Amino acid sequence: MKLEDLKKIREKAEKDVELRQKQARIRIVVGMGTSGIAAGAREVIRAFVDEIAKRNLSDVVVTQTGEKGLASQEPMIEVYEEGKPVVVYGNMDAEKTKRVVAEHIVNGSPVSEYVIEVR
Amino acid sequence: MAEICAHIMDVAANSITAEAKKVDIFITQDKNQVMLTVKVIDDGKGMTREMSEKVQDPFFSTKTGRKVGLGIPLLKGTAEHCGGDFYLKSKIGEGTEIFASFALNHPDLPPLGNLRDTILVMIISNPGVNFSFSYTINGKEFTLDTEEIKAQLGDVPINHPEVIKFLGQYLDENL
Ligand SMILES: Nc1ncnc2c1ncn2[C@@H]1O[C@H](COP(=O)(O)OP(=O)(O)OP(=O)(O)O)[C@@H](O)[C@H]1O
Ligand SMILES: [Mg+2]
């Protein structure tokens, strides 16, 4: 596998509208301060990244922020969706993340057990 | 931190908070298998000399709502405890360079950890930042530069599902 193979993805994108950049429908922000990382934020992002790839969620993006507090609830994530309140999840791990993707990101119903704030 | 990779991720997160557009990460294990060195260089907003000194002290942070910064003191502490060195060089408006080394035979040295996930997660969750990784261990070298990846991709975003799959496989095969 070489980096040149990426050209195939690009060529496919030129023909296939699905592959072209879409407006992000959902943006997930993961807290990546020291306490978030120590509590397992990488595994949470890894789970999002895997699910986005596996389910072809080309309108979902996951980003990180260093500006997060509440060390006792890390890893924390925020889910931003146009026209909806921001949903904050706490004490996340890879398994919980997979559930959030299936139930909230794909099916639209937040996993209330893991929600720590809605604003 | 349980892994050297977690420290790397943490220092790179500081670079991103400092609005870096490019972060270069070097991980090297010397030929004689004595030292592991990590260097992270960014083009973010940098720090004054005074601040560069203060941030090495665990009771300083510019983050809102919290006075204590942990990332840099923790890395410095691990390096110095594990028979290595630490330095931080920074210049306002130019960027920051962080160096940490560790004696490989030190009993308290954390494992390097999962470099594959660390690289993948940093690239995908910071699509607007360019990273270059250089990893040299036992004479084997691996390099990856997101500018080269983006050049191949044209308009396709680097965090697209197809690209994520590609990068995961690419790291599995080449790292
Ligand atoms: N690469 C960098 N460029 C510019 N400023 C930096 C950089 N790295 C650290 N700093 C400054 O040093 C401060 C301390 O960093 P440190 O990582 O120790 O703690 P923190 O990021 O504030 O909090 P945390 O405990 O979550 O890491 C930061 O708040 C920031 O002001
Ligand atoms: Mg930090």
Side-chain angles (χ1 to χ4, degrees), chain A residues 1-14 16 18-24 27-71 75 77 94, chain B residues 1-3 5-7 9-10 12-18 61 63-66 68-75 113-114 116-118 120-128 144-145 148-170 172-174:
Chain A
M1 199 170 223
K2 301 195 208 75
L3 285 189
E4 286 77 62
D5 297 336
L6 284 166
K7 280 224 174 76
K8 288 180 201 141
I9 297 177
R10 182 179 177 171
E11 283 158 14
K12 221 166 114 191
E14 271 150 22
D16 182 354
E18 278 300 291
L19 255 168
R20 259 176 244 152
Q21 177 150 38
K22 277 193 201 153
Q23 189 70 17
R27 199 162 53 87
I28 297 148
V29 180
V30 183
M32 287 285 269
T34 301
S35 53
I37 293 172
R42 183 187 66 197
E43 284 62 40
V44 170
I45 301 191
R46 157 88 207 257
F48 273 119
V49 163
D50 284 352
E51 292 295 303
I52 288 170
K54 202 171 78 192
R55 297 168 178 268
N56 262 308
L57 304 173
S58 55
D59 56 357
V60 176
V61 297
V62 56
T63 59
Q64 66 176 65
T65 173
E67 296 286 346
K68 270 287 139 279
L70 281 180
I77 67 171
Chain B
M1 291 281 187
E3 297 180 356
C5 273
H7 283 293
M9 218 167 191
D10 194 20
N14 283 344
S15 301
I16 291 152
T17 307
S61 173
K63 282 190 182 175
T64 44
R66 189 160 45 101
V68 189
L70 285 177
I72 292 173
L74 276 179
L75 175 57
N114 192 331
R116 179 236 189 237
D117 283 3
T118 301
L120 187 68
V121 158
M122 281 200 268
I123 292 178
I124 302 304
S125 62
N126 298 287
L144 188 70
D145 190 331
E148 282 170 34
I149 295 171
K150 287 173 184 172
Q152 302 281 345
L153 284 172
D155 290 338
V156 180
I158 197 161
N159 55 354
H160 190 282
E162 293 287 331
V163 184
I164 296 175
K165 279 180 222 158
F166 174 92
L167 289 175
Q169 278 181 35
Y170 183 82
D172 287 337
E173 283 176 23
N174 295 286

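Heavy atoms only: backbone and side chains are in, while hydrogens, waters and symmetry mates are out. What you see is a predicted model, and the numbers here were worked out from it, not measured in a lab. Each chain gets a letter, A, B and so on, in the order its sequence line appears, and its residues count up from 1.
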Peer 1: Quick check on Gln169(B) against chain A: is it the side chain, the backbone, both or neither that has a heavy atom closer than 4.5 Å?
Peer 2: both
Peer 1: What part of Leu74(B) is in contact with chain A, defined as an atom under 4.5 angstrom from a non-hydrogen atom: side chain, backbone, both or neither?
Peer 2: side chain
Peer 1: Given a strict heavy-atom distance threshold of 4.5 Å, which part of Leu57(A) is in contact with chain B: side chain, backbone, both, or neither?
Peer 2: backbone
Peer 1: With chain B, which of Val60(A), Asp50(A), Leu6(A) has the greatest number of heavy-atom pairs at distances under 4.5 Å?
Peer 2: Leu6(A)
Peer 1: Heavy atoms, side chains only, cut-off 4.5 Å: are Thr34(A) and Met1(B) in contact?
Peer 2: yes
Peer 1: Within the structure provided, determine whether Glu11(A) and Val156(B) are in side-chain contact (heavy-atom separation under 4.5 Å).
Peer 2: no
Peer 1: Within this structure, what is the CD1-CG distance for the pair Ile45(A) and Leu120(B), rounded to the nearest 0.5 Å?
Peer 2: 10.0 Å
Peer 1: Considering only heavy atoms, which portion of Ala13(B) lies under 4.5 Å from any heavy atom of chain A: side chain, backbone, both, or neither?
Peer 2: both
Peer 1: Look at Pro127(B), Gly71(B), Ala151(B), Ser125(B) and state which one has the largest set of heavy-atom pairs under 4.5 Å with chain A.
Peer 2: Ser125(B)
Peer 1: With a 4.5 Å limit on heavy-atom distance, are the side chains of Cys5(B) and Arg42(A) in contact?
Peer 2: yes
Peer 1: Which atoms form the tightest heavy-atom contact between Glu162(B) and Ile9(A), and what is the distance?
Peer 2: O-CD1, 3.6 Å
Peer 1: Where on Glu43(A) is there a heavy atom nearer than 4.5 Å to chain B: the side chain, the backbone, both, or neither?
Peer 2: neither
Peer 1: What part of Asn174(B) gets closer than 4.5 Å to chain A, counting heavy atoms only: side chain, backbone, both or neither?
Peer 2: side chain
Peer 1: Compare every heavy atom of Phe166(B) with every heavy atom of Asp5(A), then report the nearest pair and how far apart it is.
Peer 2: CB-CE1, 3.7 Å
Peer 1: How far apart are the closest heavy atoms of Ile164(B) and Ala53(A), and which atoms are they?
Peer 2: CG2-CB, 3.7 Å
Peer 1: Kindly give the heavy-atom pair with the smallest separation between Asp10(B) and Ile37(A), and that separation in Å.
Peer 2: CA-CD1, 3.3 Å
Peer 1: Could you walk me through whether Arg116(B) and Arg46(A) pass the side chain to side chain contact (heavy atoms under 4.5 Å, CB included) test, one step at a time?
Peer 2: CA-CA 10 Å; Arg116(B) 179 236 189 237; Arg46(A) 157 88 207 257; 3.6 Å; yes
Peer 1: If every non-hydrogen atom of Ile52(A) is compared with every non-hydrogen atom of Pro161(B), which pair is closest and at what distance?
Peer 2: O-CB, 3.6 Å
Peer 1: How long is the straight-line distance from OG1 of Thr63(A) back to CG of Asn159(B), given to the nearest 0.5 Å?
Peer 2: 9.5 Å
Peer 1: Under the 3.5 angstrom rule, does the side chain of Arg10(A) hit a backbone N or O of Gln152(B) as a donor-acceptor pair?
Peer 2: yes
Peer 1: Given a strict heavy-atom distance threshold of 4.5 Å, which part of Ile124(B) is in contact with chain A: side chain, backbone, both, or neither?
Peer 2: both
